[in-house]
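Nothing fancy with the numbering, it's 1 onward along the sequence. Counting starts at 1 for both ligands and their atoms, in listed order. These numbers come from the heavy atoms of this one structure, side chains and all, not from hydrogens, waters or symmetry mates.
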Amino acid sequence: MLTLDPSSHLLVLTGAGISAESGVPTFRDAGGLWEGHDVHEVASPEGFARDPLLVWKFYSERRAGMTGVAPNAGHRALVEVERRLGDRFLLVTQNIDGLHAAAGSERIIEIHGNLMRSRCSVCDRAPFADTTAYRAGVAPMCGVCQRAGTDALLRPDIVWFGEPVVADALPRIEAFVARAGKDLRFLAIGTSGLVYPAAGLVDVCRARGGKSWLVNLEPPANAHAFDEVALGKAGDVLPRLLA
Ligand code: OAD
């Protein structure tokens, strides 16, 4: 049981594992997305420059795959704990599927962006909601640039390998950690602990003397860094852990 007292501040990090029970494929598990796709081809700026149609095909399939997908008991357990803690809760997610917001979480930082938004690959127009699964062979163009007489491709509003995480993410996390002080608690769920800076949050918490929990199907790369490890499915473990 993860005990929280009236001054505890809970920083939560989620990865693809929390959405697995909703039917969203993870990346590195057997049969996961990176088994069938080369990450450098579909999730890097270089890959997009080389073959934007391939990248849009990949993310259009991800968008289409979200039809009918709903949050699960793991997402809902985090909504409940946020209701109890209010501003003493912060959820950092690497997931781009939007399921935390769909479940009702409010204090969320999507450090890798959101699948259901697009932005221009050239101009600085604001990212906008876009659920379109583009047809194969169609590369969407930026209407703002077109009106100004130039051609520029739209891209998914997702952070790719080699790109910095969403601009205000780290300052917001740092501010939360500073405010929490000795009352910081950290909980990581469903993430393989391989992709930074997210994988380093447990070390940030340890450096502050905060206690850390991990909920994951299998021990991830950085399991040794946690004080408590609960192996199992997030949808089974979280409702009990956070009760
Ligand atoms: P991974 O696919 O690397 O890891 C998912 C983790 O979830 C694995 O350790 C699984 O054992 C675990 N898992 C699977 N099902 C679970 C369940 N039902 N309950 C609990 N745990 C479960 O996904 P991430 O760690 O999220 O980035 O990957 C991190 C980043 O790398 C992603 O955001 C993505 C990826 O490449 C970009 O695309 C930029």
Subject >> Gap separating the CD1 atom of Ile96 from the OH atom of Tyr59, nearest 0.5 angstrom >> reply: 5.5 Å

Counting only N and O atoms by type, is there a donor-acceptor contact under 3.5 Å from the side chain of [X] to the main-chain atoms of [Y]?
X	Y	result
Glu163	Val159	no
Ser192	Pro220	no
Asn95	Gly15	yes
Thr191	Thr14	no
Arg76	Pro71	yes
Arg88	Pro6	yes

Original post:
Mind checking whether Gly232 has a heavy atom under 4.0 Å from ligand 1?
Top reply: yes

Report yes if some N/O of [X] lies less than 3.5 Å from some N/O of ligand 1; otherwise report no.
X	value
Ala20	no
Asn95	no
Gly15	no
Leu217	yes
Glu21	yes

Subject >> Charged N-O contact under 4.0 Å between Glu61 and Lys57 >> reply: yes

I need the nearest protein heavy-atom contact for [atom]: residue, atom name and distance, please.
atom	result
atom 17 (C) of ligand 1	Gly17 O, 3.2 Å
atom 38 (O) of ligand 1	Trp34 CZ2, 3.9 Å
atom 32 (C) of ligand 1	Phe27 CE1, 3.5 Å
atom 25 (O) of ligand 1	Thr191 OG1, 2.7 Å
atom 10 (C) of ligand 1	Asp29 OD1, 3.3 Å
atom 27 (O) of ligand 1	His112 ND1, 3.6 Å
atom 5 (C) of ligand 1	Gly190 O, 3.6 Å
atom 26 (O) of ligand 1	Ala16 N, 2.8 Å

Original post:
Taking the six-membered ring of Phe58, is the NZ or CZ of Arg62 close enough (under 6.0 Å from the centre) and on axis enough (within 45°)?
Top reply: yes

Subject >> Val159 contact mode with ligand 1 (heavy-atom cut-off under 4.0 Å) >> reply: backbone

Subject >> Structural part of Val195 in contact with ligand 1, heavy atom criterion under 4.0 angstrom >> reply: side chain

Subject >> Asp97 to Leu99 - nearest heavy-atom pair and separation >> reply: OD1-N, 2.9 Å

Original post:
Can you say whether the rings of His75 and His100 are parallel (under 30°), tilted (30 to 60°) or perpendicular (over 60°)?
Top reply: perpendicular

**OP:** Walk me through it: do Leu242 and Trp213 pass the test side-chain contact (heavy atoms from CB on, under 4.5 Å)?
**Re:** CA-CA 11 Å; Leu242 296 170; Trp213 284 259; over 6 Å; no

Subject >> Numbered atoms of ligand 1 (with element) below 4.0 Å of Glu218, judged on heavy atoms >> reply: 11 (O)

Subject >> Identity of the nearest option to atom 28 (O) of ligand 1, non-hydrogen atoms only, from Arg28, Glu110, Gln94 >> reply: Arg28

Subject >> Heavy-atom nearest neighbour of atom 20 (C) of ligand 1 within options Ser192, Ala230, Gly235, Ala234 >> reply: Ala234

